Each structure stands twice: as structure tokens, then as C-alpha cells.
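Read through the structure below, which is laid out as C-alpha cells, and then see the notes.
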There are 2 protein chains.
Amino acid sequence: MGTPQLTKNQSLVMGALAHSDGPMSAYTILDKLRDHGFRAPLQVYRALDKLLEYGLVHRLESLNAFVACTCPHEHEHDHGVTAFTICEGCGQVTEFHDEGIEQRLSALVRAQSFKTEKTTIEIRGHCKSCA
Amino acid sequence: MGTPQLTKNQSLVMGALAHSDGPMSAYTILDKLRDHGFRAPLQVYRALDKLLEYGLVHRLESLNAFVACTCPHEHEHDHGVTAFTICEGCGQVTEFHDEGIEQRLSALVRAQSFKTEKTTIEIRGHCKSCA
DNA sequence: ATCGCACACGTTATAGCATAACGCAATTGA
DNA sequence: TCAATTGCGTTATGCTATAACGTGTGCGAT
């Protein structure tokens with residue numbers, strides 16, 4: 001259950017995200033890849049679906065945008081919950097993980113007999129430079 | 001800086017959300033309020049903007065939808081971070097608050113000299129009944 | 001009083017995000 | 001060989017959100 005070889009489209013989308021210094025919307029990605037033959041949103045969304053499944057990309061719900069995963073791990077099995085700070089000034093996104101939060105959330109959720117499938121934590125604000 | 005008297009449109013939108021048993025999209029609200037004279041999305045979005053500002057309503061980023069705040073409210077000033085569990089089965093949304101998470105997030109964010117403006121925590125999964 | 005301002009409102013149009021539904025091609029495994 | 005799966009390309013459509021215009025109303029300052 002490692003990450004399979006990426007297809008051409010998946011690689012192109014992954015590349016676009018990896019070389020961007022911030023999150024991109026699906027349509028922005030589409031525009032960046034028109035020279036490589038992309039013509040329709042679905043080409044992007046289908047690739048993104050797989051990349052999300054493989055854990056190579058994260059979706060930022062509060063932006064309707066996507067970022068490459070910055071984890072050094074390079075592979076598989078959830079590093080548990082992923083959280084993000086998102087700067088409204090410069091658009092910079094920082095990914096981080098914390099056991100403490102994870103455990104605390106886990107306990108709270110268990111208390112209501114809720115079964116977690118996906119956790120979204122996004123903090124909007126201003127980074128050090130943009131404060 | 002308490003909550004001012006709501007306007008007619010704001011009251012209608014608030015009522016629609018309060019009497020719903022789950023989150024609603026802006027367009028669903030629009031449809032529910034057509035009989036009351038609503039004709040365009042902006043009427044809903046403008047009311048929602050104010051209700052969000054007053055803290056009477058929350059936006060669920062992962063659903064692009066809105067719910068009435070379930071806090072025993074009656075007043076102002078942030079109860080800090082709001083988190084939600086969202087059941088994929090029945091659509092039920094539960095709002096909760098936790099000092100521990102808040103402090104932990106606050107510390108992590110401070111460590112990167114980030115200034116928080118809004119925090120989103122949404123947990124998708126299945127509730128007890130839908131497990 | 002009336003002017004200026006802030007604010008809610010109404011309408012039309014448009015922008016931005018996401019998926020449905022069709023068909024084709026290549027791969028795999030029974 | 002056949003059926004099942006997966007990725008791909010295209011067209012069309014649907015859902016979410018805002019821009020830009022103008023109207024009306026209340027209210028404080030001059």
C-alpha cells in the first residue's frame with residue numbers, strides 16, 4: 001500500500017504543486033498545465049483525487065485550494081492529524097503535526113462515540129513577516 | 001458591541017438555520033426563503049455575513065454550509081475556538097469547545113510567531129448511530 | 001432643515017469551484 | 001477471450017460566491 005507510480009497527469013499536477021510556493025486552486029493548476037496538454041478541470045481534479053489518496057497533497061478547505069505535503073516522511077501511513085497556518089497576507093501555508101492535539105481531539109471525539117475519518121485544522125491569520 | 005437587533009432578512013436566515021436540524025448551504029436557505037420574498041443569493045450571503053460576525057452562525061468550511069450556533073449564547077466574546085464533528089451518514093453536526101486544544105494550538109502557533117485570526121476545526125466521520 | 005454618511009436592500013451579471021455522463025484505450029487476471 | 005478495472009479526454013452542467021450598479025432609509029453634524 002505504498003505510493004504507486006504516478007501517471008503522467010498525476011506527475012504534472014504534483015510537479016505544479018511542488019514547485020509552487022503556496023496553495024493553488026484546481027483552476028490555477030489547470031492554467032499552469034495548459035501548455036502540457038491540459039484542457040479541462042476534470043483532468044486536474046482526477047489527478048488531485050489520487051494525490052490526496054496517496055497523501056502527497058493536502059486540500060485546504062477554507063481556501064478551496066491544494067498544497068503539496070511538506071512532510072519529510074515521503075511515505076505512507078497517516079502521520080495522524082495535519083494542521084495548517086495560513087497567512088492572509090503573503091499566502092504562505094505551514095503544515096504541522098502535534099501529538100497533543102491529536103490525543104485531545106481523539107478523547108473528545110471518543111466521548112461522543114464518534115468515529116473520525118478525517119480531521120481538518122486550519123488557522124487563518126498573519127505570519128511573522130506580515131504581522 | 002452586543003448583538004444588535006436583527007434586520008428582517010437576517011432574522012429570516014437565522015430562523016431557517018435555527019429550525020433546521022443540520023447545516024444548510026446558502027442556496028438551500030435561499031430556496032427555503034423564496035416564499036418570504038428572497039430572490040437572489042446575495043440576500044442570503046449578506047445576512048449570513050452579519051450573522052457570522054455576531055457569532056450567531058458558524059460556517060462549515062468542509063461543507064460550504066452554515067449552522068446556527070448551539071452555544072447557550074446570549075452573549076458576545078469568543079468562547080475561543082469552536083470545533084465540530086460532522087457525521088457523513090446523517091449529516092448531524094455537533095459543536096464543541098475545549099480549553100486544552102485551544103491552549104495547545106495557541107502555543108504551537110505562537111512558536112512560529114503567527115497571529116491567529118480564525119481557527120477552523122472540523123472532524124468528518126460517523127456518529128454513534130451511523131457507525 | 002438638509003446635507004452627508006452609513007447601512008441594508010434589490011437586481012443583474014459574472015466569476016470561481018466541482019462533478020455528471022458519455023465514450024475510448026490500455027492493462028490485468030480469470 | 002472475456003470481463004473488470006483504471007486512466008484518459010470531452011462536453012455540459014451544477015453549485016458556491018462575489019462584483020457592480022442603483023435605491024431607500026435613518027441619523028448625526030453643520
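Labels below follow one simple rule: chain letters A, B, ... track the order of the sequence lines, proteins then strands, and each chain is numbered from 1. Source: prediction; values computed, not measured.
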Residues which pass ring pair (Phe, Tyr, Trp, His ring centres under 6.0 Å) with A:Phe96, listed by chain and number, not counting sequence neighbours: none

Please say whether more than 12 non-hydrogen atoms of neighbouring residues, nucleotides or ligands are located less than 6.0 Å from NZ in B:Lys115. no

A:Thr7 side chain N/O closer than 4.0 Å to the phosphate oxygens (OP1, OP2) of D:dT6? no

B:Phe84 side chain near B:Thr94 side chain, heavy-atom distance below 4.5 Å: no

For A:Ala47 and A:Ala40, find the nucleotide of DNA chain D closest to each by heavy atoms; which residue's nucleotide sits nearer the 5' end? A:Ala47

Can you tell me if the side-chain N/O atoms of B:Lys50 get under 4.0 Å from OP1 or OP2 in C:dA8? yes

Distance check needed: D:dG24 C1' versus B:Lys8 NZ, whole Å only. 15 Å

Looking only at side-chain N and O atoms, does B:Glu61 offer a donor or acceptor that is under 3.5 Å from a partner on A:Thr120? no

Nucleotide-resolved protein contact map, nucleotides 17-23 of chain D, B/S/- at heavy-atom distance under 4.0 Å: BBBB---

May I ask you to check whether B:Phe114 and A:His126 place their ring centres under 6.0 Å from each other? no

Between B:Gln43 and C:dC9, is there a contact of a side-chain N or O with OP1 or OP2 at under 4.0 Å? no

A:His97 versus A:Glu95, side-chain donor and acceptor atoms under 3.5 Å: yes

